[in-house]
Amino acid sequence: MLAFLTFRGTGNQAVLAYMLVTVVSWSSIPLLIQLSGGAETPFLFNAGMRLGYVIVCSLFLVAFFRQVFLCRAVWQAILPHLSSWLILFALISTFERAFFAWAVQFVDVSVAVILYDVSPIFMVLLLSRLYRVDGRFGVITPSFILLVLLAFAGFTLVSASETGSVVNLQYGGAGIFLTGLLLLLLGVACNVMTVFGFRWGTELSRDKTLLAAAPGTGQSTGPSLEMGCIVLAFLLSSSVSVGVSAVIGRASQESFDLLVLGPAVLGGLVVGLGSLSWRKANLVTTNLGVNALTYAIPIFSLGWLALFSQVRLARLDYLLIGAAAIITANLLINFEAEVRPGCKALLLALGGCGAAVFGVFPFG
């Protein structure tokens, strides 16, 4: 089965495993916010999660790159890179969870899950753009965009299966919903900026001064130096974010609550592992289509919410149709080279039309 799901252009099955870890771990965030009350203290919640990320990144670097990043000469090579605009945008990206948790005050968490998970589309496009000069990733074709949109239509239907409507204004008023929507869009923008830290790590790993100073960089075993530098960007930005988020939280009169902070830190350990897996998957693949798997996140998120919060599905048909659209899109992306153009166009047209037709009803 795993051999059947090997991604085209990767040459190994590990990418699938990395992305599955990412999907399962990231899908736990909405449940974590609900159970901990993170929506009431979004920046404290973000500080806790980022602290968990710091712990995960530190353990990773100590385990695999202890000699490299304990070298004084290496840090002398790193310091000039800290003024890069890439690391600045990476720092801004660290407030993604805060905006998501804040938005849950104004919109139903199921709606937040739907809207927030449009970010992979833009992350893929930005990754392709930032690495275009390297020729690392394949060209994004129109069919790829259509398949991603098909997957998006699928997860919209799946998410709508909870309430029978995509836009559930149970909190009352279009103004409140629009406030939540704005916060979600800010969260999406921050999430997309994550790829700037990815690029910063790549450029750092190519620094000749660092390569000359770093001990053991020629070894072929273990994670690559590029992965180490990408994780370092994640560590540095998250470390700063812990303090900044805590200060913003206190300034906005968020109460210090261990019932929020504790679960947020523990959740950060789990989600941080998924974030490392996402970085590893995109580092070793040449096919950005692997990111289409993240459209399974809303399915898992709603599953966790249903398991712990007794969420009931209003429309089982939306669930089944949406899941079929997601599976179809992922399979066509994964086997783009093996599917004849005519068959692919037919399947895409059928899937797109079906998702569009049935997708009209949740808004009624």
Side-chain angles (χ1 to χ4, degrees), residues 25-53 89-120 122-123 159 162-163 166-194 237-238 240-268 270-272 274-275 297-298 301-302 304-305 308-309 311:
S25 64
W26 285 3
S27 68
S28 66
I29 295 173
L31 176 64
L32 184 62
I33 292 173
Q34 290 291 93
L35 295 182
S36 67
E40 303 302 321
T41 55
F43 286 96
L44 174 63
F45 177 81
N46 191 61
M49 286 207 72
R50 287 291 158 180
L51 181 57
Y53 294 171
F89 280 113
L91 175 59
I92 295 174
S93 74
T94 62
F95 296 99
E96 51 179 327
R97 308 304 180 194
F99 285 118
F100 180 87
W102 194 359
V104 173
Q105 291 185 25
F106 303 96
V107 299
D108 184 82
V109 66
S110 63
V111 176
V113 168
I114 299 168
L115 297 178
Y116 189 78
D117 281 313
V118 302
S119 55
F122 302 104
M123 292 178 75
S159 300
E162 179 190 352
T163 62
V166 172
V167 181
N168 178 16
L169 301 179
Q170 69 174 33
Y171 293 89
I176 294 177
F177 177 80
L178 290 176
T179 300
L181 177 61
L182 175 60
L183 291 172
L184 283 170
L185 291 177
L186 288 173
V188 168
C190 289
N191 193 22
V192 172
M193 290 183 186
T194 300
S237 59
S238 295
V240 175
S241 183
V242 171
V244 174
S245 296
V247 170
I248 294 176
R250 293 301 299 166
S252 57
Q253 298 183 337
E254 292 183 8
S255 59
F256 183 84
D257 191 343
L258 288 177
L259 294 178
V260 175
L261 188 61
V265 174
L266 293 177
V270 176
V271 177
S275 296
I297 290 176
S301 293
L302 292 176
W304 299 132
L305 290 169
F308 288 90
S309 303
V311 174

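Side chains included, hydrogens not; waters and symmetry mates left out as well; all remaining heavy atoms used.
Expressed to the nearest 0.5 Å, how far CG of L266 lies from CE of M49 amounts to 10.5 Å. Once rounded to the nearest 0.5 Å, the distance linking CZ of R250 with OG of S245 reads 14.0 Å. Annotation: the span from I29 atom CD1 to W304 atom CH2 amounts to 13.5 Å, rounded to 0.5 Å.
When all heavy atoms of G249 and S252 are compared, the closest pair comes out as O-OG, 3.1 Å. Across all non-hydrogen atoms, the minimal contact from S238 to R50 is OG-NH1, 3.0 Å. Nearest heavy atoms, R97 versus N46: CB-OD1, 3.4 Å. Across S241 and T94, no two heavy atoms sit closer than the pair OG-OG1, 3.0 Å.
Across F100, F122, W102, a single residue satisfies ring pair (Phe, Tyr, Trp, His ring centres under 6.0 Å) together with Y116, and that is F100. Checked against V244 for a side-chain contact (heavy atoms from CB on, under 4.5 Å), the options V242, V240, V247 give a single hit: V240.
Looking at L186 and F95, their side chains never come closer than 4.5 Å, going by heavy atoms from C-beta outward. Between Q34 and L305, some side-chain heavy-atom pair lies under the 4.5 Å cut-off. When side chains are defined from C-beta on, N191 does not count as touching S93, because their heavy atoms never get closer than 4.5 Å. Put simply, the side chain of W26 reaches to within 4.5 Å of the side chain of S275, judged on heavy atoms.
Side-chain contact annotation: S27 with S301, donor-acceptor N/O pair under 3.5 Å absent.
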Under 3.5 Å, which donor-acceptor pairs link side chains of residues 35-44 to any protein atom two or more places apart or in another chain?
residue: S36; atom: OG; partner: L32; partner atom: O; Å: 2.7
residue: S36; atom: OG; partner: G38; partner atom: N; Å: 3.3

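Evaluation of the ring pair (Phe, Tyr, Trp, His ring centres under 6.0 Å) rule for F99 yields no partner, not counting sequence neighbours.
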